[in-house]
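Data first, discussion second: the structure below is written as structure tokens.
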Amino acid sequence: MNTAPFSQLQVFLAVARLRSFSGAARELGVSTAAVSQTVRQLEGQLRVVLLTRTTRSVSLTDAGRRLVEGAGPALGQALTALAEVSAQPGEAVGRVRLSVPTAAVPYLITPVLPVFRQRHPRVEVEVVVEERFVDIVAEGYDAGVRLSEAIERDMVQVRLTDAFRFVVVGSPDYLARHGTPQRPEDLLNHECITFRMRTSGALYAWELERGRRNWRVAVRGGVVTNASHLTVPLVEQGMGLAYVFEPSVAEQLRTGRLQRVLEAYAPTVPGFFLYYPSRAQRSTPLRLFVEVARELSVKAL
């Protein structure tokens, strides 16, 4: 049996997941040249181009994407099966790779990960914290966490939190100096800390609603960031208004360090969900992680 395509596939999937030949080389413990040659050999055998390479980026072709979607989960299951041979009866081994936004970390990583690792010490968990929308299949993730409206319909969803609101907040000092907006349009006259989307590069327009009417307000301000965790400390210092999900500022609201504005216009979203492709349910490490997430995730916000 020729096992070369199996090892070549491992190398290709590492490049596809990391979007980097050098990154794959570091992970696999080989040279970048060896990784590049292996991928070229696989492309030659298949007679298709799997990766588009430029001096700055690596991306999947349509053929490469189809190979990742078809072979990635199967290879992962094969590697897990090989690892399970050396496991004790009832012991889980393997790996779970997760894509998680910063705001969801307190509801998945903080309560779930310590207990999961204690119960299943031979399952490695990799958590990638990022704000962009991720194709978890194409990029080699086992599961992700997002708001439900951002999840594709063919994914299995596991609720992690109850529904919550997005609210506009400001410090008492800022509101005393600049006044309190009464309507969504008033935000255009205020200093707002804005968020730049990492995927599109566009500034996020604040979404508000009241009854059946909806607003998308293209706010502006002197501070723009793509890191959501920077926003609240800046608002507390009176630098402007911010649009945040309410549980993330519960303590600041309770103590009066921040105040809600335009509360009648605050939209409610269904909450955070763990999601994964249906075929991934056969992965024992992921199934066990889902069980712990169901048990321990913070439902009451």
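Computation of the quantities below employed the complete heavy-atom set of this structure, encompassing side-chain atoms and omitting hydrogens, waters and symmetry-equivalent molecules.
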Got [X] and [Y] here, is their nearest side-chain heavy-atom distance under 4.5 Å?
X	Y	result
V39	F21	yes
L262	L187	yes
L13	L67	no
E246	L253	yes
L46	F12	no
P101	V145	yes
F272	F164	yes
V235	V249	no

[X] side chain vs [Y] backbone, donor-acceptor pair below 3.5 Å:
X	Y	value
T194	V223	yes
Q182	T180	yes
T52	L60	no
E191	G222	yes
T38	A34	yes
D142	R97	yes

Pairing of [X] and [Y] as salt bridge, 4.0 angstrom limit:
X	Y	value
E43	R40	no
R65	D62	no
E295	R119	yes

Legend entry - Donor-acceptor pair between Q237 and S171 side chains, under 3.5 angstrom: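 No - no donor-acceptor pair under 3.5 Å links their side chains.
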
Of all the heavy-atom pairs spanning [X] and [Y], show the shortest one and how long it is.
X	Y	value
R117	V123	NH1-O, 2.8 Å
L160	A293	CD2-CB, 4.1 Å
A63	V49	CB-O, 3.9 Å
P285	G94	CG-CA, 4.0 Å
P181	D186	CB-CB, 3.6 Å
Y275	R146	CE2-CG, 3.8 Å

Legend entry - Rounded distance (nearest 0.5 Å) linking atom OG1 of T231 with atom CG of L241: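 If I round to the nearest 0.5 Å, the distance is 12.0 Å.
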
Inset, instruction - Calculate, to the nearest 0.5 Å, the distance between atoms CD and OG belonging to E27 and S22 respectively. - result: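 The distance works out to 11.5 Å.
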
Inset, instruction - Return the orientation label for the H190 and H178 ring planes: parallel under 30°, perpendicular over 60°, tilted otherwise. - result: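 Aromatic pair H190/H178 classed perpendicular.
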
Legend entry - Plane angle bin for Y243 and Y204 - parallel if under 30°, tilted between 30 and 60°, otherwise perpendicular: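 The arrangement is tilted - the two ring planes meet at 30° to 60°.
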
Inset, instruction - Carefully, step by step, assess V168 and L208 under the rule side chain to side chain contact (heavy atoms under 4.5 Å, CB included). - result: CA-CA 9 Å; V168 179; L208 302 170; 4.2 Å; yes

Inset, instruction - Report whether M239 and L175 are members of the same hydrophobic cluster (ILVMFWY, side-chain heavy atoms less than 4.5 Å apart, transitive linking). - result: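 Unlinked, M239 and L175 end up in two clusters.
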
Inset, instruction - Give a yes or no on whether the ring-centroid distance for Y276 and Y141 is below 6.0 angstrom. - result: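 No: the rings miss the under 6.0 Å criterion.
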
Legend entry - CD/E185: more than 12 non-hydrogen atoms of other groups inside 6.0 Å: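 Above 12, so yes.
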
Inset, instruction - Test F245 against T161 for side chain to side chain contact (heavy atoms under 4.5 Å, CB included), laying out the working first. - result: CA-CA 12 Å; F245 82 103; T161 72; over 6 Å; no

